[in-house]
Structures are given as structure tokens and as C-alpha cells.
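What follows is a set of notes on a single structure, which appears directly below.
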Amino acid sequence: MCGIVGYAGKSNGVIPVLEGLSRLEYRGYDSSGISTKVENDLSVYKKEGKLENLRTHIKDLNLTSNLCIGHTRWATHGAVNDTNAHPHGNEIFSIVHNGIIENANILREDLKSKGYNFNSETDTEVFLWSITDLYKKTNDIEKSIIETFKKVDGNSAFVIMNKENNKMYSIKRSAPLVCGLNSNSNETYMSSDPYALVGFADKIYFPEDGILCIADYTSLTNVLKFKNLDGSTSKDYKVQDNTMEMESVTKGGYDHFMLKEIFEQPGLIRKLTQLYLSDDGVKDLNNFEKFSSKNYIHLAACGTALHAGYVIKNFIERETKIKVGTDFASEFRYRKPNISKDDLGLFISQSGETADTLACQQMCKDEQLYTLSIVNVNGSTLFRECDKNLLIHAGVEIGVASTKAFTQQVLVGLLLSKALASNIDKDVLLKEFNTLASRVEDVLSRKDEIKNIARAIYNKKGFIFTGRGEQYPIALEGALKLKEIAYVHAEGYAAGELKHGPISLIDEDMVNVAIITPDLYDKTYSNAQEVKARKGILVSVGEVNNKELENDSDYYFGIDFDGLVHTKPVITNVVLQLLSYHIAKIKGTDIDKPRNLAKSVTVE
Ligand code: F6R
């Protein structure tokens with residue numbers, strides 16, 4: 001969704017801001033813009049569509065500015081057009097904003113009654129004219145920002161520059177925002193994502209909500225300052241070295257980030273073994289036995305993360321006596337679930353910034369539940385809000401379609417289930433993880449087989465993915481992946497549900513991707529035969545050397561499951577990731593940035 005990058009320093013800020021924005025393109029956006037300050041004049045340049053449109057727009061202007069803020073917008077209030085794009089500015093301030101001002105209408109009417117004219121349909125302009133109004137009365141920039149911030153409701157992050165001084169300001173509530181510092185050059189940055197600052201800032205500051213951050217590159221003491229809402233100095237932030245590497249911002253020879261991320265999986269599985277299953281790492285899994293007496297875990301997440309949650313539910317219920325309720329975060333938060341403070345809240349998220357998931361965590365926290373996350377982004381809002389976090393260590397995931405994060409979430413969920421049951425047999429798990437890594441490598445080395453299946457089926461009318469038991473979530477995930485990147489209609493079903501309705505869709509133009517592993521083999525195999533009997537096209541993913549399945553399927557992909565006691569869902573999913581990728585590639589869609597999608601869904 002929306003992305004923010006700001007710069008204050010001795011060099012030309014337009015360069016890192018445009019580079020930072022291009023790195024945030026993966027999050028999904030529909031317009032972009034920057035604001036610069038030259039000799040006390042603020043200018044705003046913005047364009048609907050891809051960042052390339054903005055670059056073309058400013059190409060011949062040779063913009064240079066020590067202060068620059070930029071934004072990629074994903075429309076919430078108002079149509080997609082140049083006017084509604086950010087930054088929004090007037091003769092005194094330029095601002096960019098991520099999030100939503102929930103009481104914008106009331107504030108807008110008030111400001112209009114004071115004679116302020118609005119140019120756009122955005123809620124953001126309310127913040128602009130409110131700080132302007134207060135500044136005209138007080139001549140105090142910090143106070144104007146703080147007082148306006150107190151008035152606005154909703155989750156937002158704002159970055160502001162002004163024509164009076166060389167400072168850049170930011171403030172946020174439950175929305176991602178970091179400050180960056182290059183400690184050699186004293187250049188300062190602000191961004192909604194530390195990833196935009198890789199190679200620019202070596203220190204990343206994570207301010208808490210309601211902290212006014214001030215970047216003043218001309219300061220002789222501290223170029224970054226933090227203040228509380230009462231104006232006093234704040235220490236309410238964490239600071240970390242920026243350990244992300246430049247390699248993470250390139251495709252490394254692959255055609256797409258998604259493919260690169262699929263291929264990263266064996267390495268990441270091995271990394272998890274070092275991080276959680278080494279003598280030292282296993283400490284992170286200690287102290288979970290104290291939860292073994294819990295009766296109920298509320299597990300909430302969205303999309304792919306929820307699919308991982310379904311696999312994890314099975315793990316936990318298999319290993320322990322704890323019941324696990326799984327919910328779409330967007331449903332859980334509104335359906336008034338029965339929550340007892342003795343329950344546990346478990347939230348799964350790649351970004352750690354998904355609005356609905358965060359709302360569920362907050363809801364559980366308000367009910368005094370202990371909350372736990374399985375999350376990728378260290379320092380994300382979910383990470384900071386939960387009582388305990390298990391990081392999945394997937395590195396930055398750029399492809400909008402989540403792949404490697406799913407794998408890592410499932411594996412960390414498996415470790416959690418073992419920890420809850422005080423049943424971590426380190427050597428056994430280590431062996432399975434290492435076997436899994438090698439088997440995933442085998443699957444990846446057979447990518448051409450999957451490509452050939454993709455070629456044969458890519459233009460069919462529709463796709464039904466089926467699986468039973470532990471493979472049912474993989475059917476859901478396989479269908480989600482295909483529809484989001486290939487723009488074809490795909491559904492995931494529990495195989496046993498086919499004859500309760502969807503089987504009427506089956507004909508010679510309909511594909512059934514059936515995951516038929518040794519668990520519940522006979523039942524799942526009969527469901528596939530029902531499809532064949534109705535002339536459906538059967539693509540089966542099953543155990544290697546299963547002649548019966550191979551003969552009955554139009555296309556068959558066999559996997560060696562030997563030694564994969566718990567992790568078959570991970571490997572079957574990798575096959576489906578590659579299948580979706582190749583179908584999308586043949587169709588020529590924008591694989592890394594599928595239409596209408598955003599990587600991190602920070603609005604409900
Ligand atoms: C699908 C996908 C989404 C996300 C969902 C939750 O490929 O990426 O379904 O899984 O938006 O996002 P996170 O995990 O960041 O909370």
C-alpha cells in the first residue's frame with residue numbers, strides 16, 4: 001500500500017527518495033509524487049500511474065534539494081488522479097500521509113468554515129490545512145503538527161516539510177514509520193519501510209506512536225530528535241543497525257522477485273534450523289510449556305498467512321490438547337468471539353502491518369490475553385505489540401504473492417506446536433528440516449516439468465484445487481496464488497466437498513489440481529476419479545512412483561515424501577507456487593505486482 005520516503009541532508013535528496021520509492025513499488029500503488037524545497041520555495045510534482053510517469057515528468061527539471069519527501073499512493077479517499085496523489089502542499093507545508101483520517105469529514109467542514117479551500121478529495125489535505133491554520137496562529141511548527149495530530153482519529157503516519165527551516169518532521173499512530181541515519185554523512189531519512197533505506201542509512205530508529213521525530217541535518221549535536229506530545233525529549237524509540245543487504249533489493253538474475261523468493265526456500269529452511277534448532281537457538285523455544293495448560297488459542301490472520309495458520313492449527317491440535325480457532329482477521333474483529341483472558345492469541349503475518357490482524361491482536365490485548373506472533377518483519381507493529389514473537393527469518397519478501405513467508409510460517413508453527421507440547425526432539429526435527437530443504441531443491445530442479453504442465457493447462461476455463469486433511473490448506477493456498485498472479489478463476493476445496501456442489505462445474509475445460517498424498521490417500525484418490533469420470537482435466541501432485549495415480553492423471557507430479565513426517569504441506573505447496581508462477585508467466589501478467597493488489601494491507 002502507500003509508501004513514504006523522505007530525506008534531509010547535504011546532498012540531493014531527490015535521488016534517494018526516487019530510489020526508495022522504486023523499492024516500495026512492490027507494495028502496490030496507483031500514483032506517486034515528490035516535494036522539494038529550493039530557496040525557501042516548496043514545489044510538488046506528482047503523477048497518476050507508475051513511478052516511471054513521475055520520473056518522465058521531472059526528467060528535464062534537474063531537481064536538486066536538500067529536503068525531499070516522496071510518496072506512492074494506493075487510493076483510499078478519492079479517485080486515482082494527479083490531484084489526489086501525494087504530496088499535498090501549500091506555500092508553507094508539504095506533507096505525505098499513509099493511513100486514514102477517520103474524522104476527516106468533520107475536520108474538513110470546520111476548516112472550510114474558516115475559509116480554507118481544498119484541492120483534492122483526500123483526507124490528507126485535512127492535516128495539511130489544519131497545521132497551516134495552527135501555524136498561522138502560533139508560528140510554531142512543532143506545536144501545529146502535534147495539536148493537529150491530537151485531533152485526527154485513525155491509524156496514520158505523516159511526514160512533513162516546510163519552507164521556514166531545513167527540518168523534516170514525522171509522527172504516526174499504529175502505522176509503520178522509521179527514521180534512518182547515515183552515521184558517516186549525517187544524512188537523515190524517514191520511511192514507511194526500512195527496506196527503502198538499504199544502502200542509505202546504517203541506523204534505523206523505530207519511534208513509538210505519538211512521538212514527533214525531527215530530522216535536522218544542520219544540527220551540530222543530534223541530527224535526529226524525538227519529542228513527546230508535551231514537547232519534552234523522548235527516548236521512546238528503538239534503534240537498530242540496518243543489517244539488510246543490497247542483494248535483497250535486486251532480482252539476482254531471476255526474471256521475477258517471486259521466482260527468486262521461491263528458489264530461496266531451501267536456504268531459508270536451513271537458516272531456520274540454525275536459528276531455532278542449534279544448541280543456542282533452541283532457547284527461543286523455551287518457556288512455551290507454560291502455555292500447555294491453555295484451553296484455547298485464537299488464531300487470526302489474512303490470506304496466505306491464514307492458510308499457514310490452518311496448517312499450524314493442525315500441528316498444535318495434533319501435538320497438544322489445546323483447541324485452536326482459526327479466523328479471517330477481518331471477521332474475528334467484528335464477530336464478538338468468546339474470548340477469555342486465559343486464552344492465547346496467535347497472529348500470523350509476513351509484514352506485521354496488516355490492519356485487520358493488528359486489530360485482532362489489539363482486541364485480545366484489551367481482553368488481557370497473552371499475545372504471540374509468527375511474523376517476518378522484526379520491529380513491525382505486530383512484533384512490537386505482541387508479548388512474544390517467533391520470527392520466521394524469511395528476509396524481505398518483495399513479490400506481492402507470498403511464497404517463502406508461507407513456508408517459514410508453517411515451519412515456525414511446527415516448532416511452536418512442539419514447544420507447546422514440550423516435545424522438541426532437536427535431532428529429529430533437524431533431520432526432517434534438512435531432508436525437506438533437499439527435497440525442495442529436487443522439486444525446484446524439476447521446474448521444467450511444472451512449466452510443461454503449465455503450458456498444457458494455462459488457458460483452461462477454471463481451476464479447482466483440492467486436498468484433504470493437512471493438504472486442504474494447501475489447496476486453498478494454491479488457488480489463491482493462481483488467481484492473484486494469473487488472473488484466472490481458481491477455488492480451493494476440501495476434496496470431500498467436491499460432490500456437495502462444485503463438481504457441477506467439472507467438464508473438459510475445467511482443471512482439478514488434486515493434492516493426493518499418502519495421508520487419506522484412498523478417499524482423495526476416489527474424489528479425483530470422480531473428476532475424471534466427468535471429463536475434468538486432472539493434475540495430480542502425489543507420492544513419487546505412484547503408477548495408479550500417474551496412469552489416471554492427465555498430468556502427474558510425484559514427490560519423494562520419505563522422511564517428511566510433518567512437512568509434506570510445505571513441499572506440495574512449492575509445486576503449486578511454481579505452477580502458478582509459470583501459468584502467470586505464459587499469460588504475461590505483472591507477476592511481482594499483480595493488478596489491484598498491495599503487499600501490505602494497512603487499511604481494513
Ligand atoms: C497472498 C498474500 C496475502 C497476504 C495477506 C496477509 O499471496 O500475500 O494474502 O498473505 O495480505 O499479509 P501479511 O502476511 O503481511 O499479514
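Bear in mind the structure is a predicted one, so any value in this text is a computation, not a measurement. In each ligand, atom 1 is the first atom listed, and ligand 1 is the first ligand listed.
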Please confirm whether the backbone N or O of [Y] pairs with a side-chain atom of [X], one donor and one acceptor, at under 3.5 Å?
X	Y	answer
N376	G395	yes
K418	F315	no
H97	A157	no

Practice problem: Evaluate the side-chain proximity of Y458 to K587: yes if any heavy-atom separation is below 4.5 Å, no if none is. | Solution: yes
Quiz item: Looking at side-chain heavy atoms only, is the closest gap between H71 and S32 below 4.5 Å?
Solution: no
Proximal ligand 1 atoms for [X], defined as those under 4.0 Å from one of its heavy atoms:
X	answer
A305	10 (O), 14 (O)
A401	7 (O)
V400	7 (O), 8 (O)

Quiz item: With a 4.0 Å cut-off on heavy atoms, does L382 reach ligand 1?
Solution: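 The answer is no: ligand 1 sits nowhere under 4.0 Å from a heavy atom of L382.
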Self-check item: Contact with ligand 1 for K481, non-hydrogen, under 4.0 angstrom
Solution: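 A heavy atom of K481 does come that close to ligand 1.
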Check ion pair [X]-[Y] (N to O, under 4.0 angstrom):
X	Y	value
R335	D327	yes
K294	D343	no
K404	E397	no

Quiz item: So does K461 have more than 12 non-hydrogen atoms from other groups sitting under 6.0 Å from NZ?
Solution: yes
Is there a nitrogen or oxygen of [X] sitting under 3.5 Å from a nitrogen or oxygen of ligand 1?
X	value
G352	no
S402	yes
Q409	no

Protein contact to [atom] [nearest heavy atom, distance to 0.1 Å]:
atom	answer
atom 7 (O) of ligand 1	E484 OE2, 2.4 Å
atom 14 (O) of ligand 1	Q350 N, 2.6 Å
atom 15 (O) of ligand 1	S351 OG, 2.6 Å
atom 10 (O) of ligand 1	T304 N, 3.1 Å
atom 5 (C) of ligand 1	C302 O, 3.5 Å
atom 11 (O) of ligand 1	V601 CG2, 4.1 Å

Quiz prompt | Selected option - heavy-atom contact closest to atom 16 (O) of ligand 1, from T357, T354, L306, L597 | solution = T354
Practice problem: Look up atom CD in Q409 and atom CG in L414, then write down how far apart they are to the nearest 0.5 Å. | Solution: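 It comes to 14.0 Å.
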